[in-house]
There are 2 protein chains.
Amino acid sequence: MVDQFDARNVNQVVDPGKRVSPEPPADRPGFELPLLLFAGFRTLIDRLHAELARQGHPDVRPAHGFALQAIAAGGPGGATASDVGRRLGVSKQAAGKTVDRLVALAYAERADDPADARRKLVRLTPRGVDVLTRSAAIFDALRGQWAATLGPERLAGIEDGLRTVVPPETAFRLDATSWLGAP
Amino acid sequence: MVDQFDARNVNQVVDPGKRVSPEPPADRPGFELPLLLFAGFRTLIDRLHAELARQGHPDVRPAHGFALQAIAAGGPGGATASDVGRRLGVSKQAAGKTVDRLVALAYAERADDPADARRKLVRLTPRGVDVLTRSAAIFDALRGQWAATLGPERLAGIEDGLRTVVPPETAFRLDATSWLGAP
DNA sequence: ATAGAATCGACAACATGGTTGACCAGTTCG
DNA sequence: CGAACTGGTCAACCATGTTGTCGATTCTAT
């Protein structure tokens, strides 16, 4: 994540003499941008989960959603805990604990892999599929609300802008929890 | 956070018959929007902390940054742990622990309040001020990079768009960590 | 003035979700 | 076949949150 940062630009802006931005930072302080992005993200996620709770899924948490996606990404055969861990960018042990939790909540189930006795395949239960299906519908509805407020073009402009400025691998990495944590 | 969600829109979009969005959701799946917002946020935060580490602050974490802001928001006299907790939207106990951490890292210090023997004022150390100053400069530089890539107008459009779609109180709430956690 | 209510900080117990390290059981490969 | 890798699990630990309790202090209202 460090690789794309150009330290020269930092010095250029810290030193008011030579500035990279065509617009003075004082005009729009840079610290607002991450706050707005996070507020937007959190607004969507909070509303998603409020609505999921209303639709019969009061116990699913944002972290679970990411994990469910990672399990579903393993295909119909299921995924192993190690797979999930790799997909989420966490250790296999942490992934195992999260899967335990999802199994306890009846969103996933474990089965032995007939082809490899080491592996335990994790699959979504119908309830797990249901929460993902509902999530997709709710996200579509929320996006529809934003489109109604902003206009479809402005919203598409936000999405396109973010797509161009975010490293593509980063865009769909599912590790939402770990980045705040330890070194 | 639930209050602003209009459940009718959800049903309208779930039911393909009556749709609120002028654009079919299938065109732009709604689930990408939160992912893009989060990816943008994380990109900025990751680069900020990579650069802070390079500039002599390798131990500060995103959560600490929010707490430092909350302390600084208390004004020059300092803030109490309970203040910080309220500002961050967490319990006073949790805020106290975070303050402990910042004190251990030499970013903050505690002092008795001469006017109220119950209170312990938390103030930033010069090191704490330094990390906030550098953070502001780095955020300005990062915003400058985005402005250079997108063009200033498109970036301003993203910011303005998010501002209109995000509930204003939500925009600058500093509680970044708790929303993922427990019920 | 004083009794009762509210607030602050601290301690304890616990949940969650992350980390390492170690280890065993299987599988794969030279 | 044996070495090396891989998957899952156990154990210890850390960071952050949560409740609940409590003593000390301050505020408030009679």
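Just so you know, these numbers come straight off a predicted model, no measurement behind them. Order of the sequence lines fixes the chain letters, A, B, ..., with proteins taken first and strands second; residue numbering starts at 1 for each chain.
- Within the nucleic acid shown, A:Ser91 comes within 4.0 Å of at least one base atom, counting heavy atoms only.
- As rounded to whole Å, 16 Å separates atom C1' of D:dT26 from atom CG of B:Asp112.
- The base of D:dG7 lies outside donor-acceptor range of the side chain of A:Lys120, with no N or O pair under 3.5 Å.
- Using a 4.0 Å cut-off between charged nitrogen and carboxylate oxygen, B:Arg101 and B:Asp59 do not count as a salt-bridge pair.
- Residues B:Asp116 and A:Lys97 both approach DNA chain D. Their nearest nucleotides, taken by heavy-atom distance, put A:Lys97 toward the 5′ side.
- In this structure, the nucleotide among D:dT26, D:dT18, C:dT27 sitting nearest to the side chain of B:Ala117 is D:dT26.
- Toward the 5' end of DNA chain C, the nearer of the two residues A:Ala115 and A:Ala95, judged by each one's closest nucleotide, is A:Ala95.
- Look at CG on A:Asp113: it is 10 Å from P on C:dT28, rounded to the nearest Å.
- With hydrogens and angles ignored, no donor-acceptor pair closer than 3.5 Å exists between the side chain of A:Arg118 and the base of C:dT27.
- Of the listed nucleotides (C:dT19, C:dA10, D:dT9), C:dA10 has the atom at the smallest distance from the side chain of B:Arg110.
- Under 4.0 angstrom from either OP1 or OP2 of C:dT7 there lies no side-chain N or O belonging to B:Thr80.
- For the pair A:Leu121 CG and D:dG7 P, the interatomic distance rounds to 12 Å; values are reported in whole Å.
- Mapping A:Gln93 and A:Arg119 onto DNA chain D by nearest heavy atom places A:Arg119 at the nucleotide closer to the 5' end.
- Residue contacts for A:Ala81: at a heavy-atom cut-off of 4.0 Å it reaches the sugar-phosphate backbone alone, with no base atom in range.
- With salt bridges taken as basic N to acidic carboxylate O contacts below 4.0 Å, none links A:Asp100 and A:Lys97.
- Linking Ile, Leu, Val, Met, Phe, Trp and Tyr whenever their side-chain heavy atoms come within less than 4.5 Å puts A:Phe38 and B:Leu132 in one cluster.
- B:Thr80 places no side-chain N or O within 3.5 Å of a backbone atom of B:Leu121 that could act as its donor or acceptor partner.
- Considering only the side chain of B:Lys92, C:dC8 comes nearest among C:dC8, C:dT19, D:dT18.
- OP1 or OP2 of C:dC8 lies within a sub-4.0 Å distance of a side-chain N or O belonging to B:Arg86.
- For the pair B:His64 and D:dA15, the criterion of a side-chain N or O lying under 4.0 Å from OP1 or OP2 is not met.
- Put simply, CG on B:Leu88 is 12 Å from P on D:dT16, counting in whole angstrom units.
- A salt bridge links B:Arg163 with B:Asp160: the closest approach of a Lys/Arg side-chain nitrogen to an acidic carboxylate oxygen falls below 4.0 angstrom.
- Between A:Arg101 and C:dT16 there is a side-chain polar atom (N or O) within less than 4.0 angstrom of OP1 or OP2.
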